[in-house]
Protein chains: 4
Amino acid sequence: MPRQASSAPPVRGRPRDPRTRAAILIAARALLERGGLTAVTIEAIAQSAGVSRPTIYRYWPNAPAVAMAAFLETTGAAEASSKPRNALSALRAQLHALADAFAAPAGRSVAAMVAAAQSETELAKAFRNEFIARNRDATRALLERCVADKAIEPPEDIELTLDLVFGPLFYRLLMGHAPITRSFVDRLVDQVIRARCT
Amino acid sequence: MPRQASSAPPVRGRPRDPRTRAAILIAARALLERGGLTAVTIEAIAQSAGVSRPTIYRYWPNAPAVAMAAFLETTGAAEASSKPRNALSALRAQLHALADAFAAPAGRSVAAMVAAAQSETELAKAFRNEFIARNRDATRALLERCVADKAIEPPEDIELTLDLVFGPLFYRLLMGHAPITRSFVDRLVDQVIRARCT
Amino acid sequence: MPRQASSAPPVRGRPRDPRTRAAILIAARALLERGGLTAVTIEAIAQSAGVSRPTIYRYWPNAPAVAMAAFLETTGAAEASSKPRNALSALRAQLHALADAFAAPAGRSVAAMVAAAQSETELAKAFRNEFIARNRDATRALLERCVADKAIEPPEDIELTLDLVFGPLFYRLLMGHAPITRSFVDRLVDQVIRARCT
Amino acid sequence: MPRQASSAPPVRGRPRDPRTRAAILIAARALLERGGLTAVTIEAIAQSAGVSRPTIYRYWPNAPAVAMAAFLETTGAAEASSKPRNALSALRAQLHALADAFAAPAGRSVAAMVAAAQSETELAKAFRNEFIARNRDATRALLERCVADKAIEPPEDIELTLDLVFGPLFYRLLMGHAPITRSFVDRLVDQVIRARCT
DNA sequence: TCGTAAACGAGACGGTACGTCCAGTCTTTTT
DNA sequence: AAAAAGACTGGACGTACCGTCTCGTTTACGA
């Protein structure tokens, strides 16, 4: 009887110390937060994680990749609020949460990741799948609940609706031409779904 | 007798060769287009412009600044179409033009500049003023013409409307989760101004 | 009854696979021949011997040590010719054989070992005892046979005579200022023992 | 009127600071003396010369090359003694000087350079031309003076004679099977030129 | 026959040095 | 006085090996 019936290959060689990976990501995240992307150098990570440079390269191919991993690992996607409420106010709450994050220092990290993603397809893919897609999924689910609850009229094109909701948020985050306030989010939501409100 | 009697200080020493500045910007733009931001190094610019490194530093403080200058210099803002037409179709045409640019290779340069702007306030300001603001101004003008022509209802918050138009465009450009097609622009415009259409 | 009554401790655990040692030495020798000393890395040996790095360290302390072992193992000392002949011509034959080896690609390995010996006492000792001494012993024996046969006058200082014979050979091998030809060996021998020829 | 009439191109750009080169060589020499070849790393040189790593690479291609340059720069070739004397005793004096150097710690540097020369043709050439050849030239000149003075019979092959003199010295230096004493040199010289002594 | 102990492969890990690239600055000569 | 060229410091890059370690697996022997 095989010990490992399914897919995973039996572990060969010395297993990785999980603390190593964790230390690297924590260090990277810290560097990212103050200092931004340019502060996330392999050198600095190694230093502050108490890890050797080659070890980092054993996990990731370059510094931005570590930064992205750190970002995605430590940035929870939009979680459904624990408080039960009607779908529309849950939607509002979710977007407020995202907007708050964007307005907070953490927003700079998001912006940094968007920037990082512009110069490496691999990072772009990771960011898209792990951050963008998750946020869209969460919001899409709520929109569908709204429709089911008849709180809003069914949108013709739900993906476009998502673009209309997230687009302006990222636009303000990245261009900085105007602040991301709660009232901004409110007006944004109003505008996007008003046409279909009963 | 001074050559420049009035405000400007009399030019002393060897005058700057205007071709130098041009050569640098052209080289930077070329590097930006293929290779992206990371290819725009002072080293490479100097090389391909046939100019010495210190000379470049005499004009700009660092490589991204040159890239930004090159981008802004060679990227015309949205121009009003020469053909006279009604305001609404002019608006559509303008956004189509922008979308086409975003979809073309040049879109990568825009994305690169957004990325560059994330790590330097100075660049962010330049980009905002020279690119973002210009585009918003042009579109705002058309929107106002639409209102004047009674083609659309006056929007409550015109800045928000602009965010709703540009946000999704940049969002798709930067995240790449979906293509920027003509139909996308059409549906976007429809959605944003439908509520106010007569 | 213990298998090894005397000094050695009874073999416990899995015995060493003799093929392992052989594979390592063969790989090391091959690497040494093309590539020289710098090519003999533990990494490369392990790779081409199909052996893990720690295994090599179980046998030798470092890469030059493996190289030296490989060299000494696969390089026979000057053998007495099978054909019986008079002592003087046997001496000549022996030195010609050495000179031929020096002139051949194998000479580069000898030079590499001399070089290796310069930075590690342990290697120096091994090389001296296993290569230098053996060659001197063989030649000393022949010189003594020559004396016994009255082919040459007894040298005052036989060690100096050996230095006079071997010194120039190594000197040319290592400095490369002149080739190691057969005629060179002939003239060398003539010169060294002429004074004492009958 | 050209400032530099002959071959050299007029110096463009900032000239090299001669102290930089000197500092590097001094540091390299010091490292070579204690620590041997393996201690001469670019890293260490840069450190102790107060110079950056890339600067060293601007002068030499790798660490052994710096070591060789340092060795050759700071190791004067055998100089003719200032005291006037007859050719034969001058010859003896010269070889004694070399032997003393070989026996001293500096001898280790010579050995290190021989070793270094075994793995790079470029270094071998430099060492041969700057060290080996110079020593041979000096001794050849004295041998010729001896012949002119009729102190010794003209050797049939003066290059072979030089090999007979230097070979055993290097042989002992590199193999370490016997010390390089003054008496060794005396007996060596006796042996090599006795045959031709009047 | 069944532990036990070593051999062995695999790979993690901290290190050290490598050789390179680029950034900025400084020091010259040339225009 | 600017431009042009190149020296120079300095920081980080990504890679190659090193030597040690920690595993899991294999193989022989001896109890």
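First the proteins, then the strands, lettered A, B, ... as listed; each starts at 1.
Comparing Gly13(A) and Pro61(B) by the nucleotide of DNA chain E that holds the closest heavy atom to each, the one mapping nearer the 5' end is Gly13(A).
Here dC8(E) presents its C1' atom at 17 Å from CZ of Arg21(C), a figure rounded to the nearest Å. Between Ile24(C) atom CD1 and dG9(E) atom C1' the separation is 12 Å, expressed in whole Å. Regarding Arg16(D), its CZ atom lies at a distance of 13 Å from the C1' atom of dA5(F), rounded to whole Å. Rounded to a whole Å, the CG atom of Asp17(A) is 15 Å from the C1' atom of dT20(F). Residue Arg12(C) contributes atom CZ, which lies 14 Å from atom C1' of dT27(F) at whole-angstrom precision. The CG-P distance, from Asn62(C) to dC18(F), rounds to 9 Å in whole Å. One can place CZ of Arg14(A) at 7 Å from P of dC23(F), the figure rounded to the nearest angstrom.
The only member of Val114(B), Leu32(B), Leu37(B) that meets side chain to side chain contact (heavy atoms under 4.5 Å, CB included) when paired with Ser109(B) is Leu32(B).
Of the residues in residues 28-59 of chain C, those placing a heavy atom less than 4.0 Å from an atom of DNA chain E are Gly50(C), Val51(C), Ser52(C), Arg53(C), Pro54(C), Thr55(C), Arg58(C), Tyr59(C), in numerical order.
The list of side-chain hydrogen bond (donor to acceptor under 3.5 Å, both in side chains) pairs with a residue in residues 15-26 of chain D, not counting sequence neighbours, reads Asp17(D)-Arg19(D), Arg21(D)-Glu73(D).
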Which donor-acceptor pairs under 3.5 Å do the side chains of residues 63-70 of chain A make with protein atoms, sequence neighbours left out?
none

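The two residues Gln118(C) and Leu174(D) make their nearest non-hydrogen contact at NE2-O, 2.8 Å. When all heavy atoms of Ala27(A) and Ile45(A) are compared, the pair lying nearest together is CB-O, 4.1 Å.
With contacts defined as side-chain heavy-atom distances shorter than 4.5 Å, the pair Trp60(B)/Ile42(B) does not qualify.
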